[in-house]
Amino acid sequence: MIKKKIIFFASFCIIISVFYQLKSQNLKFGIFDTTHLEIYRYQSFNEILKSVGFDIEYNSVAKILDSDIKELNLDSYDAILFLIDIEFLKGILNSLACQKIFRIINKFGKKTNKLIGFAFPTIGQKIHNKILLFSPFFKSVGLNINPFSFEIDKIPDNFDINSINLDQLNNSLKNFFNFTRNFLDQPLEARSFLYHKTLACPTKINFAIKYPTYTNHYLAILPIKHGCPLRLAPTLPYGIYFYNPIIKNQIFITSNSLLSFSSACESFHICPTNFNLRYKIHNLIQEMMWELKILMITKKNNELNFDYIKQNKKPKLPIFLSNLEKNSESKPKNKKSIKIAWMEIKIFEKNDQESIKQQYQLINDILKTGNDTYLWITLNPNMYFSPIAKHTSEINTYLNSISKFTNLLKTKSQQLNTIPPKILLGYEITNNIYEPNLPTNYAVDLYTNKYLDLPSPLDENFWNNEIKKPLNFFLEKWKNPNISNNIKIVGIVLDLEMYCRKISGSFLDTIGFSSLCRNKYKTIKKITKNISINNLITTKSIQNYYDFLKTEAINLGNNLKNFFNEKIKNCMIICYAPNISTDWFYKAFYQGLSDKKNPIELLTFNSIFYSHKDWLIKNNIYANHSSVLMLSKIKNESDFLWIDHILKYHDGIWLNKFSRFSEKKHNDWMAIEQSPINEKEKNKFLEYLKNK
């Protein structure tokens with residue numbers, strides 16, 4: 001009985017001690033980003049960190065590389081989370097930038113009474129035992145890794161080995177290895193989801209879900225307390241914590257995807273469309289970070305102590321996140337919504353009976369949506385009129401198919417006594433960039449990785465040859481009434497997702513270091529000697545160089561805006577990308593394309609927009625936003641309400657991919673773009689859309 005009282009009293013004293021530590025001071029938490037330049041990319045995560053008592057200091061990759069280690073004042077941090085991306089991993093062996101950052105990791109990684117964390121990227125499923133890829137990071141924190149286990153790298157000579165239980169430590173190391181390997185082998189995006197995302201419907205799971213909870217003397221899977229609904233169970237765990245009693249350092253492993261959850265760059269692979277579920281995931285992330293802070297300050301006799309976590313609750317979510325739905329529905333009530341149907345019309349190249357039937361079906365479906373629906377047609381004039389066009393031999397077939405489409409659209413419109421819908425001319429900007437026409441001026445990133453099938457983003461020849469020249473040729477053909485049948489083109493859609501690229505499908509924050517870009521920088525800055533990436537690092541000119549890149553991208557966007565408006569009166573300028581990007585190119589490019597009187601239209605998979613409106617305006621980006629509706633979500637009449645849901649939070653809606661309505665059912669990846677409803681239900685859906 002006396003023993004129980006002593007234990008209770010000791011636990012009570014620990015809890016009181018922790019309480020006063022939590023109240024007395026915040027812990028300094030550094031975010032060291034090896035890829036990006038904007039803390040806004042992690043807006044939600046940043047708010048959560050502050051809410052649990054961390055003082056945040058964000059260090060972009062530019063700031064890190066422009067600073068000496070002494071200037072970064074590593075000792076001032078209680079914790080540092082290094083955000084690691086694939087580009088950094090690929091440059092480890094050869095890049096001066098990687099080497100400089102790794103010196104920081106190595107220096108901080110073995111400091112006592114500090115927490116070092118790594119947010120690792122999602123790695124493709126083909127790589128077996130991904131944990132081996134990250135062995136340099138574990139080495140930096142005092143852990144050796146082989147294909148089968150972890151071990152302590154080096155035991156200090158003055159360390160009292162009797163002060164710890166070696167069996168407990170070895171057991172913890174074994175479990176840390178197994179849990180971390182599973183965590184990396186099954187990244188968040190690859191798990192099953194029991195809820196709707198903008199991209200996909202819920203996944204069916206035919207087995208019982210086990211909540212991945214675990215704690216022992218030196219190890220914890222986070223969050224320890226979750227109590228989450230069944231639908232969120234597959235998303236767990238969010239992190240792994242390990243305390244090394246020999247070095248007395250603390251290690252935290254989490255996912256890059258989780259850090260940008262629900263922010264501007266939200267991943268449509270993991271973000272729920274349901275705000276209540278998003279709220280609960282935010283709660284779980286906050287629970288994890290609160291527990292992490294508690295674990296940092298409650299170690300007892302070189303072992304973890306979980307009493308405070310078990311007996312206390314985390315703080316409430318920040319108001320911004322708890323009111324996320326309200327913040328996301330700020331669209332002016334009198335603002336007319338835009339409706340965009342994305343489609344292809346290649347079926348008009350064929351003349352067989354089945355194709356002709358499909359052509360008529362598509363035209364009928366289009367007209368049932370009303371004449372206020374814009375038709376985003378992927379006509380890709382670059383693939384026929386660019387200097388490296390893939391389909392120059394098929395120009396006549398291409399133009400004849402357009403003529404058939406516009407003629408049928410006009411004829412059916414006249415029969416119905418209605419005005420034909422307006423056309424948005426769609427470009428997939430890199431569709432010609434394949435062998436043997438790979439770009440001479442290809443993209444290169446900060447870590448010297450080469451992207452041989454991706455053009456350098458500031459290559460004026462690329463934009464001239466793939467956008468401007470093809471548009472000139474196409475619009476000359478369009479003047480022929482036998483081609484256009486007097487149907488109006490009112491806008492341009494730049495599809496900025498570079499499909500099927502081998503390394504990257506977008507211009508990353510690290511991209512922009514090609515010889516072409518560096519030579520432009522040299523000319524503008526009137527520098528006489530050659531400018532290498534290493535030179536930019538050693539002269540601490542990375543941020544200055546990024547400022548130059550942004551200015552050039554603004555100029556590029558402005559130049560294209562003027563060109564489009566010259567060719568198409570009051571041209572609607574529309575950009576598609578998977579999400580609202582904070583990367584330097586997109587941010588600056590959108591700024592150049594837009595102005596206050598003529599905002600651009602952004603089409604993305606983002607499920608929220610208006611909570612980001614202030615950030616966009618702050619960066620001189622004037623934009624409206626339409627979110628996606630995948631047709632596979634329309635399974636019955638009750639699903640028509642997806643239209644209302646999207647229009648409540650966005651300026652418009654775009655349908656991916658409208659032309660699938662007239663196609664036979666697909667059983668491959670294209671099925672996600674098709675609705676299973678029958679003809680009668682489809683007509684009701686089109687009527688419902690027409691009235692919105």
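Just so it is clear, the values below take in all heavy atoms, side chains as well, and ignore hydrogens, waters and symmetry mates.
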>> Within a 6.0 Å radius of atom NZ on Lys107, are there more than 12 heavy atoms belonging to other residues, nucleotides or ligands?
In response: no
> Around atom NZ of Lys299, are there more than 12 heavy atoms of other residues, nucleotides or ligands at under 6.0 Å?
Replying inline: yes
> Using a distance-only test with no angle check, is there a side-chain donor-acceptor pair under 3.5 angstrom linking Asn283 and Lys314?
Replying inline: yes
Throw together a table of side-chain donor-acceptor distances under 3.5 angstrom for residues 85-97, partners on residues two or more places apart or in other chains.
{"unit_1": "Ser95", "atom_1": "OG", "unit_2": "Ala97", "atom_2": "N", "d": "3.1"}
{"unit_1": "Ser95", "atom_1": "OG", "unit_2": "Cys98", "atom_2": "N", "d": "3.1"}

>> Tell me which one of Thr582, Asp583, Thr510 satisfies side chain to side chain donor-acceptor pair (under 3.5 Å) with His36.
In response: Asp583
> Would you call Lys63 and Glu71 a salt bridge, taking side-chain N to carboxylate O under 4.0 Å as the test?
Replying inline: no
> Under a 4.0 Å N-O cut-off, is there an ion pair linking Glu57 with Lys28?
Replying inline: yes
> Just one of Leu83, Leu72, Ile84, Leu81 clears the side-chain contact (heavy atoms from CB on, under 4.5 Å) bar with Phe32, so which one?
Replying inline: Leu72
>> Tell me if the OH atom of Tyr499 is crowded by more than 12 foreign heavy atoms within 6.0 Å.
In response: yes
>> Whether Glu38 and Arg41 form a salt bridge (side-chain N of Lys/Arg under 4.0 Å from carboxylate O of Asp/Glu) is what I want to check.
In response: no
> Is there a donor-acceptor contact under 3.5 Å linking the side chains of Asp453 and Tyr442?
Replying inline: no
> Between Gln543 and Asp547, do the side chains contain an N or O donor and an N or O acceptor separated by less than 3.5 Å?
Replying inline: yes
> Angle class for the Phe137/Phe102 ring planes (parallel below 30°, perpendicular above 60°, tilted otherwise)?
Replying inline: tilted
> Any side-chain donor paired with an acceptor under 3.5 Å for Asn178 and Arg181?
Replying inline: yes
